[in-house]
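The figures that follow rest on heavy atoms only: side chains count, while hydrogens, waters and symmetry mates do not. First the proteins, then the strands, lettered A, B, ... as listed; each starts at 1.
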There are 2 protein chains.
Amino acid sequence: MSRITLHDVALAAGVSDSTVSRALRGLDKVNPKTRIKIEEIARRQHFVLSKNASSLASGKTMRVTILFTDQLNTWFNSSSMQGAYEVLSTQGYDLVPHIAPSAASLDAYLDALLGNRNSDAIIVVSLSLNERQREILGLTTMPVIGFDSRGTEGFDATVRIDEDDAMTKALTLLQSLGHRRLGFVSMPNVPKLLFSSQLRGVAFVKVAHDLGYADEHIAHFNPGTRDDFRTLDDAASSVVASILSSPVHPSAICVETDDFAVALIYSLRRFGIRVPQDISVIGFDDYAYAPLAGLTTLHQNPVEMSRMAGRLTLGLMKGEPLPQAHVRMRASLVLRDTTAPYHRR
Amino acid sequence: MSRITLHDVALAAGVSDSTVSRALRGLDKVNPKTRIKIEEIARRQHFVLSKNASSLASGKTMRVTILFTDQLNTWFNSSSMQGAYEVLSTQGYDLVPHIAPSAASLDAYLDALLGNRNSDAIIVVSLSLNERQREILGLTTMPVIGFDSRGTEGFDATVRIDEDDAMTKALTLLQSLGHRRLGFVSMPNVPKLLFSSQLRGVAFVKVAHDLGYADEHIAHFNPGTRDDFRTLDDAASSVVASILSSPVHPSAICVETDDFAVALIYSLRRFGIRVPQDISVIGFDDYAYAPLAGLTTLHQNPVEMSRMAGRLTLGLMKGEPLPQAHVRMRASLVLRDTTAPYHRR
DNA sequence: CTGTTAGCGCATTCAA
DNA sequence: TTGAATGCGCTAACAG
């Protein structure tokens with residue numbers, strides 16, 4: 001069966017195409033009676049406006065791109081989609097995921113974006129832009145929303161966690177538990193890509209200083225590049241080795257993400273280090289496994305956050321002035337079983 | 001800046017629009033030299049074909065809808081997107097998620113789909129269609145692919161788990177461990193929606209019979225509707241009560257999903273029932289938490305499966321005859337810590 | 001291998 | 001409140 005068009009509906013209703021178009025889009029200035037008649041006929045014929053044709057004619061695509069550098073099936077990424085979907089779908093927008101797994105493919109994608117009318121806005125997840133990329137996006141009129149971004153630069157709006165606040169909560173806890181020597185463990189990184197979670201390490205150092213920790217009582221463990229390890233567990237083993245041989249001898253560590261924290265705890269225990277008796281561990285995210293793993297962590301709610309991002313996106317697309325374009329959300333500290341008071345070993 | 005069009009590129013290259021179109025789509029019958037020239041200019045001008053305009057002109061939308069009844073941020077659903085994305089994106093297709101959370105909204109969506117040219121195919125996840133819905137989809141020329149569907153009816157292709165095979169593995173294990181009385185626990189269901197995982201209970205009964213278990217040694221626990229419980233944990237508590245008061249006294253149970261199995265184990269332990277000493281538990285899925293929870297389970301790989309679904313979708317859209325339209329994948333049994341030999345309490 | 005001609009299905013002027 | 005005319009940016013015959 002060939003497609004039913006707006007024109008067919010118009011013929012059946014005995015009105016013009018324009019009237020059908022207006023009626024079906026819910027515009028005013030349509031006689032209530034003719035509107036009802038048109039809607040009735042459209043329903044009977046299973047007629048739906050073609051998004052493509054509408055887009056072409058109106059210049060609005062009714063689509064929002066959500067850009068990842070990673071797989072869609074991670075806790076954080078899938079939650080990002082869910083929240084944004086919830087908000088955008090109510091206004092008829094499609095949410096279209098795209099993955100740019102490397103710096104090069106990101107460049108290519110952004111280049112293309114410039115001349116592109118395939119979406120009305122783009123939400124960039126967990127990733128920040130270098131100068132060249134910002135420059136490119138600056139040339140677009142399309143709103144660019146940073147979600148879980150490192151900063152606000154280059155974005156028309158951002159939603160992200162307040163790392164300083166979060167780290168203050170974590171370190172205040174550790175200090176009150178009597179820990180005098182602290183460590184921070186970074187994730188293995190992806191070459192040339194900048195992730196917001198990397199700011200957690202920066203915040204850690206800053207807050208530790210603020211709380212009176214001297215440099216020689218702070219250690220920062222950096223496993224290097226993701227390419228260096230087959231799995232997260234391998235990276236964790238490598239970090240455990242660094243921790244054990246560190247002159248700082250931390251009795252408590254904060255980890256960039258829960259994902260890596262859990263791997264780390266496994267690795268620590270495999271080496272005979274007890275958690276939390278020998279070393280306390282605080283994660284970041286409160287991802288789905290954290291309760292099961294009994295992980296003390298900084299809780300964030302990415303679905304809630306991405307709803308906010310969706311709302312900002314909507315506002316930007318409507319051209320509304322945003323009351324607050326750059327939103328920081330606060331993480332809350334969740335106490336579970338991987339933190340304990342310090343005691344000498 | 002106003003949009004650059006194909007025509008602009010044509011002018012700059014001194015050729016006609018059609019030539020640019022052909023060159024940029026990688027069609028043959030374009031002089032290599034002019035192709036290179038066109039590509040060069042397109043790149044310089046950041047030109048990208050408008051998917052909307054292409055769609056309108058060609059009748060192909062280059063978009064595939066993936067339909068869920070549930071949130072995008074579940075282990076299974078997000079994995080489904082990932083696999084399909086991997087395959088479809090290589091051919092330039094966008095993957096557009098849609099959620100129809102209730103039977104009514106599913107009906108509405110399918111109705112709309114009929115007259116709709118907003119996607120070239122639809123992948124329906126974890127859900128089967130009733131007669132009316134199948135009828136509606138039968139009127140479409142669009143390929144309809146069932147992923148994790150209950151059966152093949154109404155679908156042009158399907159990818160799903162072989163439940164009988166999986167349950168045979170699970171029950172054979174339990175039998176060899178000496179368990180004489182078995183139970184199956186269903187998930188709380190969503191009213192009026194049919195899920196493939198419900199077939200696991202059917203397979204359980206069938207296989208139990210095949211293995212010589214009498215009816216009075218088999219119990220099926222059904223917590224009822226999802227609406228009846230605030231949380232999965234509440235539903236689990238309710239099931240634990242049923243298990244403890246069941247005349248069958250099962251010493252081993254299979255659970256429809258890992259998700260619910262983990263909740264159940266927590267609940268069992270809260271009631272003082274030891275797992276696996278007092279009761280063995282086998283889950284289904286091997287979802288991300290299963291290793292952490294030490295859950296013995298039937299392993300499936302939804303990313304791999306959805307890649308397969310993506311390939312079938314591609315074939316169907318090209319109009320190729322599929323060597324095998326209905327694919328069943330086998331689950332494998334993963335032994336962990338929630339199963340043990342039977343011993344009298 | 002390339003150019004010409006006609007739409008694809010709608011939204012948007014402008015009139016009426 | 002409605003209709004007629006025009007074009008969004010591209011692809012698809014068909015010639016050449």
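Heavy atoms only, all atoms of each residue included: A/Leu56 and B/Ala53 are closest at CD1-CB, 3.7 Å.
A/Ser54 has no side-chain polar atom (N or O) that falls below the 4.0 Å cut-off from OP1 or OP2 of C/dC10.
At least one side-chain heavy atom of B/Leu314 sits less than 4.5 Å from a side-chain heavy atom of B/Leu88. Residues A/Thr61 and B/Lys51 have side chains not in contact (no heavy-atom distance under 4.5 Å, counting atoms from C-beta outward). Proximity of A/Met305 to A/Asn301: side-chain heavy atoms (C-beta onward) are nowhere separated by under 4.5 Å.
A/Arg63 has no carboxylate O lying under 4.0 Å from a charged side-chain N of B/Asp94, or vice versa, which leaves the two without a salt bridge.
The side chain of B/Ser50 approaches D/dC10 more closely than any other nucleotide in the set D/dA5, D/dC10, C/dC10.
Other residues, nucleotides and ligands place more than 12 heavy atoms under 6.0 Å from the CD atom of B/Glu304. Counting non-hydrogen atoms of neighbouring residues, nucleotides and ligands closer than 6.0 angstrom, the NZ atom of A/Lys318 exceeds 12 such neighbours.
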For A/Glu40 and A/Arg44, what are the C-alpha separation, side-chain angles and deciding distance, and is it a salt bridge (Lys or Arg N to Asp or Glu O under 4.0 Å)? CA-CA 6 Å; A/Glu40 167 60 24; A/Arg44 263 217 316 278; 3.3 Å; yes

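Using the six-membered ring where Trp is involved, A/Tyr85 and B/His98 have ring planes that are perpendicular, over 60° apart on the 30 and 60° scheme.
One can place CG of A/Asn52 at 22 Å from P of D/dG7, the figure rounded to the nearest angstrom. Taking atom CE of residue B/Met62 and atom C1' of nucleotide C/dC8, one finds them 17 Å apart after rounding to whole Å.
Between B/Phe147 and B/Phe76, the distance from one ring center to the other falls under 6.0 angstrom.
Residues from residues 31-40 of chain A placing a heavy atom under 4.0 Å of any atom in DNA chain D, listed by number, are A/Asn31, A/Thr34. If you check residues 20-30 of chain A against DNA chain C, the residues with a heavy atom closer than 4.0 Å are A/Ser21, A/Arg25, listed by number. For DNA chain D, the neighbouring residues in residues 5-14 of chain B, judged by any heavy atom under 4.0 Å, are B/Thr5, B/Leu6.
Donor-acceptor pairing under 3.5 Å, judged by distance alone, is present between the side chain of A/Ser18 and the base of D/dA4.
With A/Asp148 as the fixed residue, the side chain to side chain donor-acceptor pair (under 3.5 Å) test singles out one of A/Ser80, A/Ser306, A/Ser196: A/Ser196.
For the pair B/Asp17 and B/Ala53, nearest-nucleotide mapping onto DNA chain C gives the more 5' position to B/Asp17.
A/Thr19 comes within contact range of the sugar-phosphate backbone alone, with a heavy-atom separation under 4.0 Å but no base atom that close.
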